[in-house]
Student: 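Just passing along the structure, written as structure tokens.
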Amino acid sequence: MHPYIAQTLETVEKRNHSEPVFLQAVREVITTLEPILAEHPEIEDLNLLERMCEPERQVIFRVVWRGDDGKVRSTRGFRIEFSSVLGPYKGGLRFQPVVNMGVMKFLGFEQVFKNSLTGLNIGGGKGGAEFEPYGKSDDEVMRFCQAFMSELYRHIGEQRDVPAGDMGVGAREIGYLFGQYKRLTNRYEMGVLTGKSVGWGGSLARMEATGYGVVYFTQEMLKTRGESVEGKRVIVSGAGNVATYAMKKLTELGAKVVACSDITGTLYHEDGIDVSVIKHLAEVERKHIRAYCDHHRDATFRLGAKVWNVPCDLAFPCATQNELDGKDAKELIDNGVQLICEGANMPCTPDAMEAFRAAGILFGPAKAANAGGVAVSALEMQQNAGLEQWTFKQVDHELQKIMQRIFSQCTHYAEKYATPTDYAAGANIAGFLRVAQAMISHGLI
Ligand code: 2IT
């Protein structure tokens, strides 16, 4: 390992020893940057690696709210303002009980490079709270969002920091957050949040964007082998926003999605998953996917099981970090998988990624493949700034162009510095170089 990389890793590990997922994300990126160091001595001269591993600002705050049972709760909230070198901090809010500083920082770090890859003017950030939305009443969710925004509002702004949704935060939560922001600031600052509902400033196709983008990226990878998604047998993990719209687009394009999952287990439907039922369960009934079997009697549900042992051609991890490990990778490879495309952030463990690389399997890395969501968030900001509302077709067309551009960046840098299909290395190098060049222009800040 190059001494500068080793030394940076050592410093970052010492500083953040209690944050294993953050360290995993850092290691994954900076160990692929070795081939560019010789050509760009300024990276070491200006200590860009270490600077990029340290967030510009990290906010931890207390969120006090009352549950329907009358009890007062104190929840921890976060906003990591990782990098503003390419634009306002941009990234989602995650409401989930397992959220902590390390998770926030890993997501913020990934977001910097992902946002850079989109080619748009957005910096990187992430936030959230250790809040369990499942099982909460609508009123409780509203009170929590209002309490959360009572602190967050002082840190954000359409030219400062623009949050959006992530796990546990959808259009409903964005609505409550926006209402409270407006009340506190007495400003209708449309571009302060993205992922808004379409009736009051949201962009058409934002909801679909991450999942659709994952599929557009997949199409580009398959094209290099003269193939398409049509007729392919597919498994998807997760049943949230990313998984749902990935399944919808894949089905539209003639693939057969036979399995998906959530935290309770795996759903298997040989005829092809009926995406409208999954959507209804998530958005209307707010139930786990097990209830799908009430709608389709020939589907089966396996409690607690992972999805990865279902034989398939294409696999899409769209649930959460480290959900697919080395053992799962081996099972997928033994079952003849051709392609993995990451919809979630960092869903594959390092040994899973290594196994796919060694087996020559097409691999779409998250920070490239799932960048469609944040890219359309940036298009939402653009529409808000221009007081415009683009059609679904327009946004979808822009999204396709962005995903194709990201893919060609990944290919270009993979070919130049790694191996031609190492899109993970290509994505890291492409994302890194744009951030690095802007940092150099801005001087020592
Ligand atoms: O992980 C992600 O890219 C997101 N949660 C979307 C962030 C955004 O600002 O739309």
Side-chain angles (χ1 to χ4, degrees), residues 21 25 78-84 86-96 99 103-129 152 156-158 160-171 173-174 177-178 190-197 201-214 217 238 240-246 317-321 323 342-347 364-384 395 398-399 402-403 406 427 431:
V21 279
F78 302 88
R79 186 72 184 165
I80 311 298
E81 297 183 331
F82 219 108
S83 169
S84 60
L86 294 177
Y89 307 105
K90 182 83 199 83
L93 297 171
R94 177 174 292 193
F95 288 174
Q96 207 189 20
V99 155
V103 170
M104 293 284 98
K105 276 166 65 180
F106 121 65
L107 290 164
F109 181 79
E110 289 283 293
Q111 199 80 47
V112 174
F113 301 100
K114 181 196 304 195
N115 294 6
S116 166
L117 276 171
T118 65
L120 305 168
N121 298 317
I122 40 179
K126 203 80 191 194
L152 187 68
I156 63 175
E158 64 188 5
R160 180 182 292 183
D161 183 351
V162 183
D166 192 83
M167 293 163 80
V169 178
E173 289 75 15
I174 293 293
L177 290 164
F178 185 82
M190 199 117 89
V192 70
L193 291 168
T194 62
K196 300 180 293 290
S197 290
S203 174
L204 286 158
R206 171 62 188 90
M207 213 152 66
E208 290 83 353
T210 315
Y212 280 22
V214 168
F217 194 89
N241 173 269
V242 182
T244 302
Y245 289 100
C318 299
T320 192
Q321 63 268 16
E323 56 164 314
E342 295 185 319
N345 292 310
M346 206 172 74
K367 61 176 84 59
N370 79 17
V374 76
V376 173
S377 273
L379 302 182
E380 182 173 331
M381 290 160 73
Q382 194 178 331
Q383 291 169 74
N384 292 160
V395 180
E398 286 302 315
L399 171 64
I402 292 167
M403 296 315 297
I406 295 175

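Read the numbers this way: they start at 1 and go in the same order the structure lists the ligands and their atoms. Atom set for the values below is all heavy atoms of this structure, side chains included, hydrogens, waters and symmetry mates excluded.
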Student: May I have every N or O pair linking ligand 1 to the protein at under 3.5 Å, one per line with atom names and distance?
Tutor:
unit_1, atom_1, unit_2, atom_2, d
ligand 1, 1 (O), K114, NZ, 3.0
ligand 1, 1 (O), K126, NZ, 3.1
ligand 1, 1 (O), N345, ND2, 3.2
ligand 1, 3 (O), Q111, NE2, 3.1
ligand 1, 3 (O), K114, NZ, 2.7
ligand 1, 5 (N), K126, NZ, 3.3
ligand 1, 5 (N), G165, O, 3.2
ligand 1, 5 (N), D166, OD1, 2.9
ligand 1, 9 (O), K90, NZ, 2.7
ligand 1, 10 (O), R206, NH2, 2.9
ligand 1, 10 (O), S377, OG, 2.6

Student: D161 side chain to E81 main-chain N or O, any donor-acceptor pair under 3.5 Å?
Tutor: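 Checked: no pair found.
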Student: With distance as the sole test, does E110 use its side chain to make a donor-acceptor pair with the main-chain N or O of L107 at under 3.5 Å?
Tutor: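 No, E110 side chain to L107 backbone: no donor-acceptor pair under 3.5 Å.
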Student: Whether the S203 and K196 side chains hold a donor-acceptor pair (N or O, under 3.5 Å, no angle test) is what I'd like checked.
Tutor: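 Not at all, the side chains of S203 and K196 share no donor-acceptor pair under 3.5 Å.
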Student: Does a donor on one side chain and an acceptor on the other come within less than 3.5 Å for T194 and R206?
Tutor: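 No, R206 and T194 have no side-chain donor paired with an acceptor closer than 3.5 Å.
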Student: Do N345 and K114 pair up side chain to side chain, a donor and an acceptor below 3.5 Å, judged on atom types alone?
Tutor: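 Yes, side-chain donor-acceptor contact under 3.5 Å.
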Student: For L379, is there any backbone N or O sitting under 3.5 Å from a side-chain donor or acceptor partner on Q383?
Tutor: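 Between the backbone of L379 and the side chain of Q383 there is a qualifying donor-acceptor contact (under 3.5 Å).
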